[in-house]
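The chains referred to below are lettered A, B, ... by the order of the sequence lines, with proteins before strands, and numbering in each begins at 1.
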Amino acid sequence: MTPEQLSTVVRDALASAVDAGEVALADGLPDEVRIERPRARAHGDYATNVALQLAGRAGTNPRVLAETLASRLRGVDGIDAVDVAGPGFLNLSLAASAQGRLARAVVDAGPAYGLSGALSGQRLNLEFVSANPTGPVHIGHVRWAAVGDALGRLLEASGARVTREYYFNDAGGQIDRFAATVYAVARGEPVPAGGYTGAYINDIARQVVERVPDVLDKPPDEALEVFRDEGVELMFVEIRSSLAGFGVVFDVYFNERDLHARGEVDEAIGRLSGQGHTYESDGALWLRTTDFGDDKDRVLIKSDGTPTYISVDAAYYLDKRGRGFDRVVIMLGSDHHGYIGRYRALAAAFGDNPDETLEILIGQLVRLVRDGQPVRLGKRSGNLITLADLVDAVGVDAGRYALARYSVDSAIDLDLGLWARRTNDNPVFYVQYAHARTCNVTRNAADVGITLDATGFAPQLLDHPRESDLLGVLGEFPRVVTTAAELREVHRVARYLEDLAGTYHRWYDTCRVVPPGDEAVSDLNRTRLWLNEATRTVLANGLGLLGVSAPARM
RNA sequence: GCCCCCGUAGCUCAGGGGAUAGAGCAGCGGUUUCCUAAACCGCGAGUCGCAGGUUCGAAUCCUGCCGGGGGCGCCA
């Protein structure tokens, strides 16, 4: 029996008590009865505080309500024991057979175990990374590369339709400075003020000259354009390929230039003006974002006649909405948190309810540390550490896992020494090792003739406390996935996997699948192989959600 | 001055209002004629920053304060 099924059973018991007139609920039945795994084994396999929650509404005291439910639950098939404890908790213990059947259900579901329709019907646009094409992807972007990609997988697993999108700022002043820098370096001149530094600039300059050999003979204006177009293109190819090397591929790479070229920026400004949300002052056009909760108004068109980034963002927001997304999710670094107010104001100015159509996720700073000292210098980009530097130092799996295992609300220091280590103080190896171990058990079992054969599956034999523990953790997985998706908290999956890995290792230590020595193979051995395979399935599915590999051998 | 995030064991961090606050690491002590010891078991370790409030019940929600990090352009 899964926690979800148990939850339904308890709700049914409540419903029948209401029907029988034993309980009167003012606002009707709750939609869902929450079932949790109690920390202490003495409190049963599962517990619910439903009686504590509803006693007030039922006009009775919690223990009385709990007893009413308990008497109805005691007869239910698969439930072994029901106790009322403390102020009114209902502690439930399952029969081993009812709990054990989960092993087979998980194996039968395979890669689908953990998928749900919790978010079905939602169309989400996830924008993340969106690093400017003026340099390589650096550490400031990498957290969202790992977390955003994993979040996309989680949302899809929960039934949402997701588009991953990269916004490519290929217009504006920073690109002008980038082009000027590359042009200057190609001519052997010093980097102009406000320009970019780093070894990658020399690479780009050299490659542009290779692609357009006569570029330096062109008139400066023309040459600058070549450096702009070619340089940005080369930079973008590098960004895409470094992200792909990190396992992050976007469905849409959106060019800012297209917004300008298609007139969408003018259109967005026109719409805002048409609805009376703008005014002129100091020669600039302002958007009255303070009408929508922002702390000050924002400039849409500068006094020199060019649009600000807010105008472009307005156009981009409209573009996304026009493509049919219910919800526009944007993931940004903490240095952009001030952006939330104005972006929400934009959505509101367009007549949307930002609580429903816009979600801005803020990730706190990531620093890299080695031997207790902050790592500041990257190889390719002078003062910045790049994605490639991180992958060089710890590899893709450890990099992704390390970034995904902490709440994005916390600033983190990643210890490169730790995450590169192949020991169990490195959480990603602890989890991957558990997976490799399940595979090894399967291989050894096959050698003595134990295979996943339904005829030998006897769930009532999985009655060891460690088996109950393991089955309990396996049963939580679907809810961990949907909770993580709903809360946009990817780290919950990583923490769950660490819990599962530990529970598995403890089970493995005590409960053998392959019988020792010359002992005969029994149904217990055969049934345990199902449990082993169920664990492998969940470890693999969970690691897959994080974009981390699940090795069969280590 | 205003805004966002954080403050839990020596360290790094989990902990969606519930029972005796957890894990990993570090420290100390153990476990292998038997599926991978990259594992497992045991021990010690806490004023959940402080003060109020809401609640039957607060690490969790609210307010204020203290400490740390980050931000507040007609840059993007």
Dot-bracket assigned to RNA chain B with the 3.5 Å Watson-Crick/G-U criterion, [ ] for crossing and | for other-strand pairs, is (((((((..((((....[...)))).(((((.......))))).....(((((..]....))))))))))))....
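Looking only at distances, a side-chain donor or acceptor of A/S311 sits under 3.5 Å from a matching main-chain atom of A/L300.
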For nucleotides 20-26 of chain B, just jot down a letter per nucleotide in 5' to 3' order: B, S or -, based on protein non-hydrogen atoms under 4.0 Å. --S--S-
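Contact check of residues 283-292 of chain A against RNA chain B (heavy atom, cut-off under 4.0 Å) returns A/A284, A/W286. Taking every heavy atom of residues 311-320 of chain A and every atom of RNA chain B, no pair lies under 4.0 Å.
Contact between the side-chain N/O atoms of A/R492 and the OP1/OP2 oxygens of B/G16 is found at a separation under 4.0 Å. Contact annotation: A/S410 does not reach the phosphate of B/U12 (side-chain N/O to OP1 or OP2, under 4.0 Å).
Annotation: ring-ring contact (aromatic ring centres under 6.0 Å, His included) contacts of A/Y317 (sequence neighbours excluded): none. Legend: residues meeting side-chain hydrogen bond (donor to acceptor under 3.5 Å, both in side chains) with A/D509, ordered by chain and number and at least two apart, are absent.
If you check every strand for non-hydrogen atoms under 4.0 Å, A/L487 touches a base.
When the nucleotides B/G70, B/G16, B/G18 are ranked by their closest atom to the side chain of A/S334, B/G70 comes out on top.
Atom pair A/N61:CG and B/G57:C1' shows a separation of 15 Å (rounding to whole Å applied).
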